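Remember, it's 1-based here, ligands and their atoms both numbered in the order they're listed. All residue numbers in this chain count up from 1 along the given sequence. The model shown is predicted, which means the values in this text are computed figures rather than measured ones.
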Amino acid sequence: MKNTRPVAFVTGASRGIGRGIALALAGAGYDVAGNSRVLSPQSETGIFEVKKRVDELGAQFLPVKGDVSELDDHQPMLDEVVERFGRLDLLVNNAGVAPELRVDVLDTSVESFDRVLSTNLRGPFFLTQKAAHLMIEQRKAAPEMRPKIVFITSVSAYIASPSRSEYCVSKSGLSMAAAIFAARLAQRDIAVYEVRPGVIKTDMTSPVSERYDKLIAEGLIPQSRWGLPEDVARAVVALANGSFDYSTGLVVEVSGGMNIRRL
Ligand code: NAP
């Protein structure tokens, strides 16, 4: 039977920004399917910790195992969501990786380039293609539905970092993917948005936290603090709740003002 509450599928929901998005959506009236590469029900951390928190909020949570970089995992993940909830109202393409090592662009390896691009760009591109087909079919049976897709990119979509070029290239490409899906799906009443976080306190940035503490103290971020997963999550909820229904293709920067050109 079809869920009465809207349903979101969040990739990379086990920690960091994806975890924050899953909790915020649950608090905003969504039931949530949260993806992780690892499902360990006994663990105090990871996707089952998120499930526990979502349960406490009175929403349903479905842990969905899968690797976004593996195209063969995409359809089974979407099938699992539909089998459980009967609908998909929101896809949040959040899962992503940083390069394992920061290496000068003159020495970037093919292996690192392929690893980062396959998770951050190729995976979400083709997952979105499949989700879009599903949403189009869904609207044929339920034209009142207004499904949405959100891409979590980064300020690295436009700020060039020569020591992690593959990450910047992946996010720049993902930003274009968001624009292309927005243009294509507009006529189907499926809104597509891009959320661009700046420097957010998560596992991804923990290896370079001292470096960013220093840069923030020196003025890197106009609002002069680390971003938190909750900052990004609030932006996703604002897009999901319908306030921006006539703004497909919107890019929302969540970076404390890093987008402001300063002299
Ligand atoms: P994080 O703390 O490292 O968490 C990454 C999440 O992605 C985890 O839940 C991880 O899940 C999942 N993941 C990684 N590879 C995956 C794969 N192949 N398939 C499925 N899930 C995968 O990172 P984060 O900081 O929250 O970043 C989340 C997103 O925001 C990323 O796209 C990142 O590029 C972007 N972003 C982050 C920052 C920042 O400063 N932190 C800034 C701008 C943009 P498992 O390991 O459990 O599978």
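Around atom 3 (O) of ligand 1, the closest heavy atom drawn from Arg15, Arg19, Lys65, Lys171 belongs to Arg15. Of the candidates Gly96, Gly12, Gly34, the one placing a heavy atom closest to atom 5 (C) of ligand 1 is Gly96. Nearest-heavy-atom check against atom 19 (N) of ligand 1 across Ile47, Asn120, Val68 picks out Val68. Of the candidates Val64, Ile200, Thr119, Thr153, it is Thr153 that places a heavy atom closest to atom 44 (C) of ligand 1. Residue Asn94 holds the heavy atom nearest to atom 32 (O) of ligand 1 of all those in Ile152, Asn94, Val92. One option in Ala95, Ser170, Pro197, Ala13 has a heavy atom closer to atom 13 (N) of ligand 1 than any other, and that option is Ala95.
Using a distance-only test at 3.5 Å, with no hydrogens or angles considered, no donor-acceptor pair links the side chain of Arg164 to the main chain of Ala98. At least one donor-acceptor pair under 3.5 Å links the side chain of Thr248 to the backbone N or O of Val192.
Applying the 4.0 Å criterion to heavy atoms of Gly66 picks out, from ligand 1, the atoms 19 (N), 20 (C). Close contacts of ligand 1 with Asn35, meaning ligand atoms under 4.0 Å from a residue heavy atom, involve 20 (C), 21 (N). Residue Val199 approaches ligand 1 through these ligand atoms, each under 4.0 Å from one of its heavy atoms: 40 (O). Which parts of ligand 1 touch Gly16 is read off a 4.0 Å heavy-atom cut-off, strictly below it: atoms 2 (O), 26 (O). Numbered from 1 in the order shown, with element, the atoms of ligand 1 that lie under 4.0 Å from a heavy atom of Val97 read 14 (C), 15 (N). Remark: ligand 1 atoms within the under-4.0 Å shell around heavy atoms of Asp203 are 2 (O). Counting the atoms of ligand 1 from 1 in the order shown, those under 4.0 Å from a heavy atom of Thr205 are 39 (C), 40 (O), 41 (N).
Under the 4.0 Å criterion applied to side-chain N and carboxylate O atoms, Lys52 and Glu49 are not assigned as salt-bridge partners. Note on Arg146 versus Asp245: no salt bridge recorded, every NZ/NE/NH1/NH2 to OD/OE distance being 4.0 Å or above. Under the 4.0 Å criterion applied to side-chain N and carboxylate O atoms, Arg5 and Asp89 are not assigned as salt-bridge partners.
Protein heavy atom nearest atom 26 (O) of ligand 1, with residue, atom name and distance: Ile17 N, 2.8 Å. For atom 8 (C) of ligand 1, the closest heavy atom belonging to the protein is Ser14 OG, 3.6 Å. Nearest to atom 34 (O) of ligand 1 among the protein's heavy atoms is Tyr167 OH, 2.6 Å. Annotation: atom 42 (C) of ligand 1 to nearest protein heavy atom, Gly198 O, 3.0 Å. With respect to atom 18 (N) of ligand 1, the closest heavy atom belonging to the protein is Asp67 OD1, 2.7 Å. Protein heavy atom in closest approach to atom 24 (P) of ligand 1: Thr202 OG1, 3.6 Å. Closest to atom 14 (C) of ligand 1, if we only count protein heavy atoms, is Arg37 NH2, 3.4 Å.
Under the 4.5 Å side-chain criterion, counting only non-hydrogen atoms from C-beta, His74 is in contact with Met77. Using a 4.5 Å heavy-atom threshold, the side chains of Asn93 and Val68 count as separate.
Here the closest heavy-atom approach between residue Val155 and residue Ser255 is recorded as CG1-CB, 3.8 Å. Across all their heavy atoms, Gly173 and Leu121 have their closest contact at C-CD1, 3.5 Å.
Classified by interplanar angle (parallel below 30°, tilted 30° to 60°, perpendicular above 60°), the ring pair Phe181/Phe151 is parallel.
Tested against Leu215, the residues Ile221, Val199, Leu220, Val208 include a single side chain to side chain contact (heavy atoms under 4.5 Å, CB included) partner, Leu220.
Cluster membership check: Ile200 shares its hydrophobic cluster with Leu239, using side-chain heavy-atom separations under 4.5 Å among Ile, Leu, Val, Met, Phe, Trp and Tyr.
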